[in-house]
> 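Please read through the structure below; I'll follow up with questions.
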Amino acid sequence: MSENTNGQDIVIVGWGLAGTALAWELYFLGKSFSVKDSLENHSTRVAAGLVNPVVFKRLTKSWNADVLMPSAADFYSRVEQVLEIKLLSRKSIFRVFASVEESNNWASKEGDDRFSSYLKSPSKEQLPALSTVQFPHGIGEVKTIGNLDTIKFLEASKDFFLEKGVQFDSGFFLEEELNPTKTYIFAEGYGLRKNPFFNYLPLNLTHGETLLIETQELNFDATLNKNMFVMQVAPTVYKAGATYNWELTEPVTTEAAKNELIERLESFTTFEYKILEHKAGIRPTVIDRKPLLGVHPAQKNAFVFNGLGTKGVMIAPYYAGHLLDHILKGEALEREVDIQRFEHYYLPNRK
Ligand SMILES: Cc1cc2nc3c(=O)[nH]c(=O)nc-3n(C[C@H](O)[C@H](O)[C@H](O)COP(=O)(O)OP(=O)(O)OC[C@H]3O[C@@H](n4cnc5c(N)ncnc54)[C@H](O)[C@@H]3O)c2cc1C
């Protein structure tokens, strides 16, 4: 145990991907905890839940993918076993190449040992399902653990922990509630901007929107990607997204984003569709694209777990465990995720 948690109760503030991953890791360690959540504006509730170990733009591996992927696969499988439900789709992502160069680049990386566990060419049987998709330069397949049903993950986990007697309080955590005998882990997504202890951290708000569409003319049991994702969620229903906007600071839907998504979708597909739903959320992103973990410089019973950015599903399990190893066993945090890297932003008189 580190000096901060000698026998103290742990309070998780925020029930998004970050808070829920922390809860499971605590449960697997046999530790008790309580939760406070304001029940509003979850990024997690809007996310497609995709786990993509590849950055398509440069066709490189996503940051730390070789560590994060197996950890996420193991974590969600363990949760599925406990809850006795399916949370992960375990389906591939199919990349529609934009050019001959991209197709050639893919072919050369597919033969490279460092990428071969993630990249492959799709089998011929899969392509007829794509008669309403245009792919003149071909398609590549990304092998991944699929996508997480994020809403089911939050809700089924909450039901499970409520049944186990975990205390869930709803409402916005206020500074005056801080009890010196407890340990707090703030996992508030973009709500961190209002956190009196951690609002010095440079968290960017990356607004994003998605559409839920229905079509009878695409029967593709996986995810397509070409400047956007089109992910099957039910036999004739797909989630399509997402946009990126750094000016909007509230999770509101906009006509501009809707039109942008329609334009992108129709640039490579020919199927007729109906829009069922339009949603917006805010990704908690960090300038160096690494998560934010660690203890407050002065308030030693306050920890943060945030900055999951665009890849929360893949990042949350491993780094929830890593933060708890730090809090409970005193293990050092990896420097690149430790909030100490931003300590120069901290002004003691602010908190
Ligand atoms: C359009 C879109 C698509 C995305 N697609 C993907 C994807 O395909 N794959 C992927 O991995 N990631 C995706 N993401 C990113 C993913 O959603 C985030 O990385 C992740 O959900 C962040 O989780 P979080 O728990 O940090 O934040 P949140 O989900 O926002 O949860 C924070 C919680 O804290 C609560 N809270 C905040 N402040 C307080 C307070 N003071 N007191 C009490 N409670 C508080 C909030 O109410 C909320 O419940 C997407 C995001 C968006 C917007």
Side-chain angles (χ1 to χ4, degrees), residues 11-23 34-53 62 65 68-69 72 76 88-89 93 144-151 153-155 157-158 168-175 177-178 184-199 203 205-212 223 225 228-231 233 239-245 248 251-253 257 261 278-286 289 291-293 302 304-317 319-320:
V11 182
I12 299 172
V13 181
W15 194 251
L17 258 170
T20 312
L22 285 167
S34 62
V35 179
K36 174 125 196 192
D37 184 58
S38 60
L39 304 171
E40 52 184 42
N41 305 335
H42 298 68
S43 178
T44 307
R45 286 183 177 271
V46 178
L50 290 163
V51 176
N52 185 359
S62 164
L68 301 180
M69 283 282 285
Y76 294 115
L88 273 181
S89 71
I93 299 172
T144 169
I145 59 173
N147 54 285
L148 178 77
D149 186 330
T150 53
I151 295 180
F153 176 59
L154 296 194
E155 291 180 352
S157 302
K158 183 171 176 179
F168 275 79
D169 293 324
S170 53
F172 205 76
F173 181 89
L174 299 168
E175 186 180 357
E177 289 175 46
L178 198 95
Y184 294 83
I185 310 180
F186 292 97
E188 302 162 296
Y190 82 97
L192 178 125
R193 285 264 183 116
K194 292 189 188 149
N195 183 298
F197 303 103
F198 293 106
N199 62 1
L203 192 82
L205 310 190
T206 308
H207 184 279
E209 298 181 46
T210 58
L211 299 176
L212 195 67
T223 298
N225 180 291
M228 72 182 307
F229 61 79
V230 180
M231 182 188 91
V233 291
K239 194 174 239 192
T243 54
Y244 290 80
N245 181 306
L248 294 167
V252 289
T253 55
L261 290 173
H278 178 191
K279 277 187 166 185
I282 297 189
R283 309 167 184 90
T285 55
V286 186
R289 294 163 193 253
L292 298 168
L293 276 71
V304 68
F305 184 37
N306 210 308
L308 300 186
T310 59
K311 305 234 169 191
V313 179
M314 186 158 93
I315 293 175
Y319 281 107

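Start at 1 and go down the list; that is how both ligands and their atoms are numbered. For the numbers below, each heavy atom of this structure counts, side chains included, while hydrogens, waters and symmetry mates do not.
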> Should you measure from each heavy atom of V13, which atoms of ligand 1 turn up under 4.0 Å away?
40 (C), 42 (N), 43 (C)
> Anything under 30° is parallel, anything over 60° is perpendicular, the rest tilted; go ahead and classify F186 against F197.
tilted
> At less than 4.0 angstrom from any non-hydrogen atom of V46, what atoms of ligand 1 do you find?
1 (C)
> Counting each atom of ligand 1 from 1 as listed, which ones have a heavy atom of V313 under 4.0 Å away?
10 (C), 11 (O)
> Just to verify, what does K158 make a salt bridge (charged side-chain N to carboxylate O under 4.0 Å, His left out) with, not counting sequence neighbours?
none
> Report yes or no: does a heavy atom of G241 sit under 4.0 Å from some atom of ligand 1?
no
> Looking only at distances, please establish whether an N/O atom of ligand 1 is found under 3.5 Å from an N/O atom of R283.
no
> Before signing off on this row, confirm whether L50 and ligand 1 have an N or O atom pair separated by under 3.5 Å.
yes
> With heavy atoms of G312 as the reference, note each atom of ligand 1 found under 4.0 Å away.
10 (C), 11 (O), 12 (N), 19 (O)
> Report the residues that fulfil side chain to side chain contact (heavy atoms under 4.5 Å, CB included) with A242, sequence neighbours left out, ordered by chain and then residue number.
T210, F229, R283
> Do the side chain of T150 and the main chain of G49 share a donor and acceptor less than 3.5 angstrom apart?
no
> Answer with yes or no whether the side chains of T285 and T206 bring together a donor and an acceptor at under 3.5 Å.
yes
> Pairs of nitrogen or oxygen atoms closer than 3.5 Å, one from G309 and one from ligand 1: do any exist?
yes
> Select one of side chain, backbone, both or neither to describe which atoms of T44 lie under 4.0 Å from any atom of ligand 1, heavy atoms only.
both
> Can you name the atoms of ligand 1, numbered from 1 with element, that are less than 4.0 Å from a heavy atom of G281?
53 (C)
> Under 3.5 Å, is there a donor-acceptor pair between the side chain of K239 and the main chain of V46?
yes
> Using a plain distance cutoff, I'd like to know if D37 has any nitrogen or oxygen under 3.5 Å from a nitrogen or oxygen of ligand 1.
yes
> Without swapping roles, check the side chain of T44 against the backbone of L17 for a donor-acceptor pair under 3.5 Å.
yes
> Okay, side chain of T253, backbone of A280: is any donor-acceptor separation there less than 3.5 Å?
no
> Could you say whether the N/O atoms of E188 and ligand 1 ever approach to under 3.5 Å?
yes
> Once you round to the nearest 0.5 Å, how far does CG of L50 lie from CD1 of I93?
5.0 Å
> Counting distance only, does the side-chain N/O of S43 pair as donor-acceptor with the main-chain N or O of I282 below 3.5 Å?
yes
> Any side-chain to backbone donor/acceptor pair from N306 onto G189? Under 3.5 Å, distance only.
yes
> Just let me know how A316 lines up against ligand 1, side chain, backbone, both or neither, with a heavy-atom cut-off below 4.0 Å.
neither
> Considering only heavy atoms of T210, which atoms of ligand 1 have at least one such atom less than 4.0 Å away?
1 (C)
> Counting only nitrogen or oxygen atoms and a 3.5 angstrom limit, does P284 reach ligand 1?
no
> Hey, is H42 touching ligand 1 through its side chain, its backbone, both or neither, going by heavy atoms under 4.0 Å?
both
> I'd like to check whether T206 has a polar contact with ligand 1, where a contact means an N/O of the residue lying under 3.5 Å from an N/O of the ligand.
no
> Within the side chain of H207, is there an N or O that forms a donor-acceptor pair under 3.5 Å with the backbone of V252?
yes
> To check you understand the geometry: which heavy-atom pair defines the closest contact between D37 and W15, and what is its length?
OD1-N, 2.8 Å
> Using a strict 4.0 Å cut-off to heavy atoms of L308, name the atoms of ligand 1 that fall inside it.
19 (O)
> Taking only Lys NZ, Arg NE, NH1 and NH2, and the carboxylate oxygens of Asp or Glu, determine whether R45 and E155 approach each other closer than 4.0 Å.
yes
> Measure N52 to ligand 1 on non-hydrogen atoms and call it side chain, backbone, both or neither using the 4.0 Å cut-off.
neither
> Residue-level breakdown please: for F173 versus ligand 1, do any non-hydrogen atoms fall below 4.0 Å on the side chain, on the backbone, on both, or on neither?
both
> Near L17, which atoms of ligand 1 are under 4.0 Å from a heavy atom of that residue?
20 (C), 21 (O), 23 (O), 25 (O)
> Mind checking whether A18 has an N or O less than 3.5 Å away from an N or O of ligand 1?
yes
> With the threshold set at under 4.0 angstrom, would you say A280 reaches ligand 1 through any of its heavy atoms?
no
